[in-house]
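For reference, the structure discussed in these notes is given below.
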Amino acid sequence: DTAVSQTPKYLVTQMGNDKSIKCEQNLGHDTMYWYKQDSKKFLKIMFSYNNKELIINETVPNRFSPKSPDKAHLNLHINSLELGDSAVYFCASSLGRTGGADGYTFGSGTRLTVV
Amino acid sequence: AQSVTQLDSQVPVFEEAPVELRCNYSSSVSVYLFWYVQYPNQGLQLLLKYLSGSTLVESINGFEAEFNKSQTSFHLRKPSVHISDTAEYFCAVSEPGGSYIPTFGRGTSLIVHP
């Protein structure tokens, strides 16, 4: 059983399109996150939800909108895609509010390519 | 604010040789420290962590890391690597009592040659 699953694994789309990435965790964790990993492997947090409540919203263009229908799901919708949005997007979850001592469980990533 | 420096972007090594991946952090308070491993086309997996107590922590697959407060380091070591250890390794630091959100280093690519 996959603990944190993301779909799709690969996404190739044209500039200007709108796309969504879905994430689900079956660990019973309270908190979920979206991270962006750029071409140089740098990991940057984008958003965090704790029990459907947005608790972290880093400096991210408002074209990116997270949605958490319940604590097991956190989706990421991106409007008007730009070339610079090309990256690997990771979903993660943690037991506590911000990970704390437990660390994170990551999904396997969604490789987004904007052409 | 916390920060993490992984000095080596790439570490090539032959199979069965020892390896050390370096991690230095900057923080004004006490910290939690983590090492994550990312195998090709996969997400990050927690390898080991230091929270408090013994400064030497070990993983189940033979890696160990030592917390050195005076040198603000948390280097990862393995006495004998396998081909299957080829992966990207990320060091991360978080501040208990603060936001807890970890800051990740830029990763070190460990390449094990036969």
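Chain A is the first sequence line, chain B the second, and so forth, proteins listed ahead of strands; every chain is numbered from 1.
Ring geometry for A:F106 versus A:Y35: interplanar angle of 30 to 60°, hence tilted.
With 3.5 Å as the limit, one finds a donor-acceptor pair spanning the side chains of A:H77 and A:N79. A side-chain N or O of B:Q6 and one of B:T108 form a donor-acceptor pair less than 3.5 Å apart.
Residue A:K44: no heavy atom, backbone or side chain, is found under 4.5 Å from chain B. Looking at B:Q45, neither its backbone nor its side chain comes within 4.5 Å of chain A, counting heavy atoms on both sides. B:Y39 does not touch chain A: none of its heavy atoms, backbone or side chain, sits under 4.5 Å away.
Side-chain heavy atoms closer than 4.5 Å link hydrophobic residues (I, L, V, M, F, W, Y) into clusters, and following such links, possibly through other members, connects B:L33 to B:L48.
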